[in-house]
Student: 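Quick one: the structure is below, questions incoming.
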Protein chains: 2
Amino acid sequence: MNLGSININQIRQGDCVELLKKLPDNSIDLIFADPPYNLQLNGELYRPNQTKVDAVTDAWDKFDSKEVYDIFTEQWLKECHRVLKPTGSFWVIGTYHNIFRVGAILQNVGFWMLNDIIWVKPNPMPNFKGTRFNNAHETLIWATKSQKSSYTFHYHSMKVANDDLQMRSDWFIPICQGEERIKVNGVKAHSTQKPAELLMRVILSTSNVGDIVLDPFSGSGTTAAVAKRLGRNFIGFEREPFYIQVTNDRLSKITPIDKPLLEYKIEKRKPKVPFGNLIEKGYIKIGEFLYSRDGKQSAQVQADSSLILDGEAGSIHKISATLLKKENHNGWAFWYAKRNKQLISIDTMRYDFEKKYIATKATYQTLEFENSVVNEPEESFLKYEDHVI
Amino acid sequence: MNLGSININQIRQGDCVELLKKLPDNSIDLIFADPPYNLQLNGELYRPNQTKVDAVTDAWDKFDSKEVYDIFTEQWLKECHRVLKPTGSFWVIGTYHNIFRVGAILQNVGFWMLNDIIWVKPNPMPNFKGTRFNNAHETLIWATKSQKSSYTFHYHSMKVANDDLQMRSDWFIPICQGEERIKVNGVKAHSTQKPAELLMRVILSTSNVGDIVLDPFSGSGTTAAVAKRLGRNFIGFEREPFYIQVTNDRLSKITPIDKPLLEYKIEKRKPKVPFGNLIEKGYIKIGEFLYSRDGKQSAQVQADSSLILDGEAGSIHKISATLLKKENHNGWAFWYAKRNKQLISIDTMRYDFEKKYIATKATYQTLEFENSVVNEPEESFLKYEDHVI
DNA sequence: CCACTGCATGAATCCGAGG
DNA sequence: ACCTCGGATTCATGCAGTG
């Protein structure tokens, strides 16, 4: 399997810009980039106008290192932007030394930022001289190809992972050390090996099984390793043969997790019960009136599941929007039915209905979730029994 | 008191770039800048309960394009750079919408970044639509005028404030709400009032009593208010007369904290006990031998506090450097004394000595919290009692 | 005075499938 | 690409009101 002349699920040796140029437009689902902070002038550099910079005689003389770094950054960011699918996600990580330049240039190149994420390190290296605040974090940027891009974001999975609270922009992840830290002959193989946990969260949140994940600065191969483990395809670019060898050793020991375990079950919830269904089942009675929360407005339920207000017929959404003088509105959040002299939200009623009569074994374990109906409706509609007009 | 045509301890109405130009070169000790973020909000946003989010729609946050924003940013940053003293500190705050551009430009203008600081909000506004990670932080940048600048940093005070651990680059501070949030006729006076706690930390860590603190985007006046409270002088620039009025009301209610309470006592610790002092007090005995960590090397203590090794006399530092074949070395980290057949670092012995017998009531005054209680020295020199050769 | 509930609100680049 | 329209979506905190 390959993209152009680049094989999939391999780490390719070479200069990242040159290799990026071999990839077709709009071919990559997810890019994770951990660019060097200190630029080494090994490759060739081009100015934004495509004139070549002589790295030795020109760049060092006429540009300061900041400008050379900007040119380099723009080159690889432009290529990443080109190869990213319109629905793809782009991630980059850095520290204050480079992330502001990278962030500004990626905006200039057309990327649209969705979040900056702070990787908070519980165990950073201290500031030994006591001259600054202990630099205890790194910054990631998550961006799409353009402002209008639609993108993959497994919101509910992230929320479940965070104990049912939405995942925040601050991620507490220890630095890579101990067992996880790859060593060759007792010395660490790579100076900036990223923790797998960080890549897990990036890849799980913004890509799907089978996607192609590219890391243009592959390094110790954490991106490839995690991608493989999570059932994604990967492409890595790396200049140093030694790091490629380290990565290949690493990859050889990884078995992908079984596909069924990788499914985003929590995201695939059934569509909720439509309004008409509540009428069919007798939860809502044809002819009864629904009320606004304050009870001051009402509309009558028709046999075709529409509401009638002042002679105008429409969906629960449409009529609520009319009353609120808005373009659109979610009727489920607007209408209440009168039960036992109390107003009960039709959304609550629907939730109750779902809970009782639809199989809700929508847990991690059950793969049969999709269509299984476990309980026949046996109870009568006791709670809403008096739904007579 | 004034700087050029700008009065000190006043908020001045007008455009910040024009007003900055009135300030002399190298005249400001600390700048805290909270520029417009250039949020680019589209429609209206509703919470799930259908209430409308009161967004930042102020005219001052609107820019025609990011190019216009960049030009504006470069203008005020250049002026800030000019007016900052060579020993001064520059701070700026922003979110992912603008901070990368600001950060890159401030580097271009010549500032030298020391840290980026993450203001982590325990209570941010959620992401209501479940479309992104909850943006739960803002970013501050701390920079000096140039790479070679010396600067004020109250490292020890920050450390004490952080329970004797180095202050980190992630600051957990709640957003400004409740009592602290200034309201006029029941509505918030300013859409982006910063918490005083944030400014306290900035001002306490990187300025001194009597310094001049400038906020070119004064807004609700938090910088001026905290500066006044902490015994600093302030200058504020603000375009909107309404905000100036709010600030003046605010300032009128603030009394500076008493000077003695503001002193950086923890920074002014006595110089550590010199080696000779340990000899005088009998901790180290004249004539005994000190040893390298592995015990393989040793030198003898002389009456004049020097060590003798192979006939050569020198300080603990000099002799350790000789042994390590280095130009300089910290002898405190090299030498061990034999006590109870164990080797004990002379630095540990010194630390113990300091802790017990030097009055260190110079604890950190946290301004808002109780003074920590200092225990009187009660134990005797039991631990090193047997320091006989 | 305390306990509890309900409600308001904060720098927000905040929908997406299907026609 | 544009338009329509169904319907999915929130956390911590402070304060007012009530019992």
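Just so it is clear: chains get the letters A, B, ... in the order the sequence lines come, proteins before strands, and each one is counted from 1.
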Student: Out of D:dT9, C:dA12, D:dC15, which has the shortest distance to the side chain of A:Tyr155?
Tutor: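 Taking heavy atoms from C-beta onward, the closest nucleotide is D:dT9.
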Student: For atom P, what is the distance between C:dC1 and D:dA16, given to the nearest Å?
Tutor: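 Comparing P positions in C:dC1 and D:dA16 gives a spacing of 15 Å.
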Student: Nearest whole angstrom, please: distance from the P of C:dA12 to the CZ of B:Phe133.
Tutor: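 Distance check: B:Phe133 CZ to C:dA12 P gives 19 Å.
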Student: Below the 4.0 Å mark, does D:dG7 have OP1 or OP2 next to a side-chain nitrogen or oxygen of A:His317?
Tutor: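 Result: yes.
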Student: Under a plain distance cut-off of 3.5 Å, with no hydrogens placed, do B:His190 and B:Thr192 share a side-chain donor-acceptor pair?
Tutor: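 Their side chains do contain a donor-acceptor pair, which is all the 3.5 Å distance test asks for.
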Student: Closest-nucleotide mapping onto DNA chain D: is B:Gly178 or B:Asn49 further toward the 5' terminus? I mean the 5' end.
Tutor: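 This one resolves to B:Asn49.
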Student: Suppose we call a contact any N or O donor and acceptor under 3.5 Å apart; does that hold for the side chain of B:Asn127 and the base of C:dA12?
Tutor: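 There is none.
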Student: What is the distance from CD of B:Gln177 to C1' of C:dT9, rounded to the nearest Å?
Tutor: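 It works out to 8 Å between those atoms.
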Student: Apply the ring pair (Phe, Tyr, Trp, His ring centres under 6.0 Å) test between B:Trp91 and each candidate in B:Trp142, B:Phe32, B:Phe217; give the one that qualifies.
Tutor: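 Looking at B:Trp142, B:Phe32, B:Phe217, the match for B:Trp91 under the ring pair (Phe, Tyr, Trp, His ring centres under 6.0 Å) is B:Trp142.
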Student: Please determine if a side-chain N or O atom of B:Arg181 lies less than 4.0 Å away from the OP1 or OP2 oxygen of D:dC15.
Tutor: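 Looking at the OP1 and OP2 atoms of D:dC15, neither is under 4.0 Å from any side-chain N or O of B:Arg181.
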Student: Could you check whether the side chain of B:Arg47 and the base of C:dG10 have a donor-acceptor pair of N or O atoms closer than 3.5 Å, going by distance alone?
Tutor: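 Answer yes: a donor N or O sits under 3.5 Å from an acceptor.
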Student: On the nucleotide D:dC5, are OP1 or OP2 found under 4.0 Å from the side-chain N or O atoms that A:Lys318 carries?
Tutor: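 So the side-chain polar atoms of A:Lys318 do come within 4.0 Å of the phosphate oxygens OP1 or OP2 of D:dC5, strictly under.
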Student: Should A:Lys159 be listed as having a side-chain N or O under 4.0 Å from OP1 or OP2 of D:dT10?
Tutor: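 The answer is yes; a side-chain N or O of A:Lys159 sits under 4.0 Å from OP1 or OP2.
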Student: Between C:dA12, C:dA11, D:dT13, which nucleotide has the shortest distance from any of its atoms to the side chain of B:Trp60?
Tutor: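 My answer, after comparing the listed nucleotides, is C:dA11.
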Student: Taking 5.5 Å and 30° as the limits, would you call A:Trp112 and the base of C:dT13 a stacked pair?
Tutor: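 Stacked: ring centres under 5.5 Å, planes under 30°.
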Student: Would you kindly give the NZ-to-P distance between B:Lys52 and C:dC7, to the nearest whole Å?
Tutor: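 After rounding, the gap between these two atoms is 21 Å.
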Student: Test salt bridge (Lys or Arg N to Asp or Glu O under 4.0 Å) on A:Glu288 and A:Arg339; report intermediate values, then the result.
Tutor: CA-CA 11 Å; A:Glu288 77 165 313; A:Arg339 299 285 179 269; 2.9 Å; yes
Student: Quick one: pull up CG in B:Asp61 and NE2 in B:His97 and give me the separation to the nearest 0.5 Å.
Tutor: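 So the gap between those two atoms works out to 9.5 Å.
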Student: Quick one: B:Tyr46 OH to C:dC15 P, roughly how many Å, whole number?
Tutor: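 Value for this atom pair: 13 Å.
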Student: Taking the same atom, C1', in D:dT10 and in C:dT9, what whole-Å distance lies between them?
Tutor: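 Straight-line distance between the two C1' atoms is 12 Å.
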Student: When only distance counts, do a donor and an acceptor, one from the side chain of B:Lys194 and one from the base of C:dA11, lie under 3.5 Å apart?
Tutor: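 Yes, a donor-acceptor pair under 3.5 Å.
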Student: Rounded off to whole Å, could you give me the NZ-to-C1' distance for the B:Lys121 and D:dC11 pair?
Tutor: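 About 13 Å, once rounded to whole Å.
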Student: Both A:Gly331 and B:Pro48 contact DNA chain D. Which one's nearest nucleotide lies toward the 5' end?
Tutor: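 Of the two residues, A:Gly331 wins.
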Student: Is the cationic atom of A:Lys296 (NZ for Lys, CZ for Arg) positioned less than 6.0 Å from the six-membered ring centroid of A:Tyr291 and within 45 degrees of its normal?
Tutor: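 Pair A:Lys296/A:Tyr291 does not count as cation-pi.
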Student: In whole angstroms, how far is the C1' atom of D:dT9 from the CD atom of A:Glu267?
Tutor: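 Computing the A:Glu267:CD to D:dT9:C1' distance gives 13 Å.
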Student: B:Lys188 has a side chain; which of C:dG10, D:dT9, C:dT13 sits nearest to it?
Tutor: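 From the listed options, C:dG10 comes nearest.
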Student: Counting only side-chain heavy atoms from C-beta out, which of D:dT9, C:dC14, C:dA12 sits nearest to B:Arg132?
Tutor: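 Of the candidates, C:dC14 comes closest.
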